[in-house]
Amino acid sequence: MNSNNKTDRRIIKTKKAIRNAFAELLSKMDIDEITITDIAETADINRKTFYNHYTGIYQLIDEIENEIISAFDDALRGVDFKNIRNNPYEIFKKLTTIINSDLDFYSHLMKTDFNTRLVSKIIQTLKLHVKKSFSDQITIDEKTLDLIIDYAASGMITVYQNWFNSGRTQSIEEISQSIRVMTFSGIYGILDEKLS
């Protein structure tokens, strides 16, 4: 086996442990209260190992932001917004895949106060990306587009957040399916599904 592959896997595993530890701590305390020692202890590593990968907490935050935004950006790039009404589940399937790719991390992140700088910045950046992707394909006035994105994004985030904070009796796929129906057909869409 190539020793570089082994090293790469070890680095990926360690960085994932650091990210998850940070997200877990963020769900319990304010970002300014989190120390490198807290992260190292939660990730079950020593401080030196943390510093082998990051110069400090803010470099870690930047990396987390960039990775999340890049993942969602890649997902949005493949969405055909002109045909989204014909196949609206496409975007939710991609969101579900992203969340499933690192369920522990997103679980901790969704338990975080959404007013924290990190999460708030991620949400605002994602809204801008959705807005750009949407407006590149569909002509719509900006105020209406902002209204649609704010309404849909706030609802989706709240539902996912509640799911992560609950006993998760439904699968993430079922939750995404319900969000899809409500986003594109409203509450009556859900009621019609249940009554038919």
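By convention here, the first residue in the shown sequence is residue 1.
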Could you walk me through whether I175 and F164 pass the side chain to side chain contact (heavy atoms under 4.5 Å, CB included) check? CA-CA 11 Å; I175 291 295; F164 273 109; over 6 Å; no
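- For the atom pair CG (L147) and CD1 (I140), the distance works out to 9.5 Å, reported to the nearest 0.5 Å.
- In terms of modelled atom types and a separation under 3.5 Å, the side chain of W163 and the main chain of S176 share no donor-acceptor contact.
- The number of heavy-atom neighbours closer than 6.0 Å to CG of D141, taken from other residues, nucleotides and ligands shown, is above 12.
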For D38 and E33, what are the C-alpha separation, side-chain angles and deciding distance, and is it a side chain to side chain contact (heavy atoms under 4.5 Å, CB included)? CA-CA 9 Å; D38 293 331; E33 298 170 336; over 6 Å; no
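- Side chains of D104 and S107: no donor on one and acceptor on the other come within 3.5 Å.
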Step-by-step side chain to side chain contact (heavy atoms under 4.5 Å, CB included) determination, I172 to L103: CA-CA 10 Å; I172 187 79; L103 201 58; 5.6 Å; no
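- For the residue pair I39 and I57, the shortest heavy atom distance occurs at CD1-CG1, 3.9 Å.
- Checking side-chain atoms of D62 against main-chain N and O of Q59 turns up no donor-acceptor pair under 3.5 Å.
- The two residues A17 and A43 make their nearest non-hydrogen contact at O-CB, 3.6 Å.
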When you look at R19 and E67, which way does the side chain to side chain contact (heavy atoms under 4.5 Å, CB included) test go after all the steps? CA-CA 11 Å; R19 279 167 40 111; E67 284 180 10; 2.3 Å; yes
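- A pairwise comparison of heavy atoms in H108 and N20 identifies CD2-O, 3.7 Å as the closest pair.
- A donor-acceptor pair shorter than 3.5 Å can be found between the side chains of T49 and N46.
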Derivation of the ring-ring contact (aromatic ring centres under 6.0 Å, His included) call for F50 and Y54: CA-CA 6 Å; F50 178 92; Y54 302 102; 5.5 Å; yes
